[in-house]
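See structure below.
Below, all heavy atoms of this structure are taken into account, side chains as well, without hydrogens, waters or symmetry copies. The chains referred to below are lettered A, B, ... by the order of the sequence lines, with proteins before strands, and numbering in each begins at 1.
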Amino acid sequence: MVRGSGPDARVGRIVEVEAYAGEADLASHARFGRTKRNAVMFGRPGVAYVYLVYGMHHCLNVVTESEGRAAAVLIRSVEPVTGVAALRAERLRRALERADRRGPVAAARARKSIAALPDARLAAGPGLVCEAFSIDRADDGADLCDPASELRLEVDSSDEPMPAVAASRIGIEYALEPWLSVQWRFLVPGNPSLSSSRAGSVGSRG
DNA sequence: GCAAAGATTTGCT
DNA sequence: GCAAATCTTTGCC
């Protein structure tokens, strides 16, 4: 995944994703049909579907199926590759934004907290990916396959192929079976940039 | 028109 | 371990 170009580019490897497959998938935003929010999911593939979750965090998805079929892949975790300083700076900027509303003590805590983060943890979660890569609703509908796009997907052929295992999806307790426990989360086992908060406890059976 | 819950993260108890 | 922050969408009045 790439944001920007030249020396200022921010680049990371996607190491954890979740699939949401069509209107029948009771865990998907498409389960109630087409809405203003999920409209791009029904459009052509290779496009970014970005939405605001819990009123505060953005999540990045890649539309996957042909037009009219509402499927997408949620980018859950990214391993920073280049532009690490910029990723950290953006995390810090966002943390300070939140902390400043609670006073100087909170701001100092936020600085310390971001500074202590290992590089690998800068985009270790769907909301954090969007913070570190400055992704918001402005990117909704962007063509991720166009090399000229500010935000895009690229294949690094020099990379070793990464092993992936399947696991159950996260944060969809409202869904019914079989959608609740279908193994549609895919991750690179042991990668230091995997999301941690709920991912660990839900269990990542391979 | 209003209440409730959500594909999350953080900070305090 | 739990609640808060905060806005979009659904579902019911």
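Counting only Watson-Crick and G-U wobble pairs whose two distances sit under 3.5 Å, DNA chain C takes part in these stems of three or more pairs: B:1-6 with C:7-12, B:8-12 with C:1-5.
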Quick one, A/Val81 with A/Arg10, criterion side-chain contact (heavy atoms from CB on, under 4.5 Å). Give me CA distance, side-chain angles, the key distance, then yes/no. CA-CA 8 Å; A/Val81 175; A/Arg10 281 169 278 175; over 6 Å; no
Test side-chain hydrogen bond (donor to acceptor under 3.5 Å, both in side chains) applied to A/Glu79 and A/Ser193, step by step: CA-CA 5 Å; A/Glu79 179 183 11; A/Ser193 299; 4.9 Å; no
Evaluation steps, side-chain contact (heavy atoms from CB on, under 4.5 Å), between A/Met1 and A/Val11: CA-CA 6 Å; A/Met1 190 174 100; A/Val11 182; over 6 Å; no
Check the pair A/Arg44 / A/Glu67 against salt bridge (charged side-chain N to carboxylate O under 4.0 Å, His left out), numbers first and verdict last. CA-CA 5 Å; A/Arg44 49 186 251 276; A/Glu67 211 154 326; over 6 Å; no
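A/Arg91 comes within contact range of the sugar-phosphate backbone alone, with a heavy-atom separation under 4.0 Å but no base atom that close. The residue A/Ala106 sits apart from the nucleic acid: no heavy atom pair falls under 4.0 Å. The residue A/Arg102 sits close only to the backbone: its heavy atoms come under 4.0 Å of sugar-phosphate atoms, none of a base.
Side-chain to base pairing of A/Tyr51 with B/dA7: one donor and one acceptor N or O lie within less than 3.5 Å of each other.
B/dG6 atom P lies 12 Å from atom CD1 of A/Ile172, rounded to whole Å. Atom-to-atom, CG of A/Leu194 to C1' of B/dT9 comes out at 17 Å; the value is rounded to the nearest Å. Residue A/Leu60 contributes atom CG, which lies 15 Å from atom C1' of B/dT8 at whole-angstrom precision. Taking atom CG of residue A/Asn61 and atom C1' of nucleotide B/dT8, one finds them 14 Å apart after rounding to whole Å. Remark: P of B/dT8 and CZ of A/Arg185 are 10 Å apart, rounded to the nearest angstrom. B/dA7 atom P lies 17 Å from atom CG of A/Leu128, rounded to whole Å.
Taking the P atom of each, B/dA5 and C/dA3 are spaced 14 Å apart, rounded to whole Å. Of the P atoms belonging to C/dA4 and B/dA4, the separation is 15 Å, rounded to the nearest Å.
Proximity note for A/Arg76 (side chain, C-beta onward) versus B/dA7, B/dG11, B/dT10: the nearest is B/dA7. With B/dA7, B/dC12, B/dT10 as the choices, the nucleotide that has an atom nearest any side-chain atom of A/Leu74 turns out to be B/dA7.
The phosphate of B/dT9 (OP1 or OP2) has no side-chain N or O of A/Arg121 nearer than 4.0 angstrom. For A/Arg98, no side-chain nitrogen or oxygen approaches OP1 or OP2 of C/dA4 to under 4.0 Å.
A donor-acceptor pair under 3.5 Å is absent between the side-chain atoms of A/Asp25 and the main chain of A/Gly22, judged by distance alone.
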Strictly under 3.5 Å: I want the nitrogen or oxygen pairs between protein and nucleotides 5-11 of chain C, one per line.
residue: C/dT6; atom: O3'; partner: A/Gly55; partner atom: O; Å: 3.4
residue: C/dT6; atom: O2; partner: A/Tyr54; partner atom: O; Å: 2.5
residue: C/dT9; atom: OP1; partner: A/Arg37; partner atom: N; Å: 2.8

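Using a 4.0 Å cut-off between a side-chain N of Lys or Arg and a carboxylate O of Asp or Glu, A/Arg93 and A/Glu97 qualify as a salt bridge. Ionic pairing of A/Asp146 and A/Arg152 is not present here: no N-O contact between side-chain nitrogen and carboxylate oxygen is shorter than 4.0 angstrom. Salt bridge A/Arg185/A/Glu16: present, at least one basic N to carboxylate O contact under 4.0 Å.
Annotation: cation-pi pair A/Arg169/A/Tyr20 present, NZ/CZ under 6.0 Å from the ring centroid and within 45° of its normal.
Between A/His29 and A/Tyr51, a ring centre-to-centre spacing shorter than 6.0 Å is recorded.
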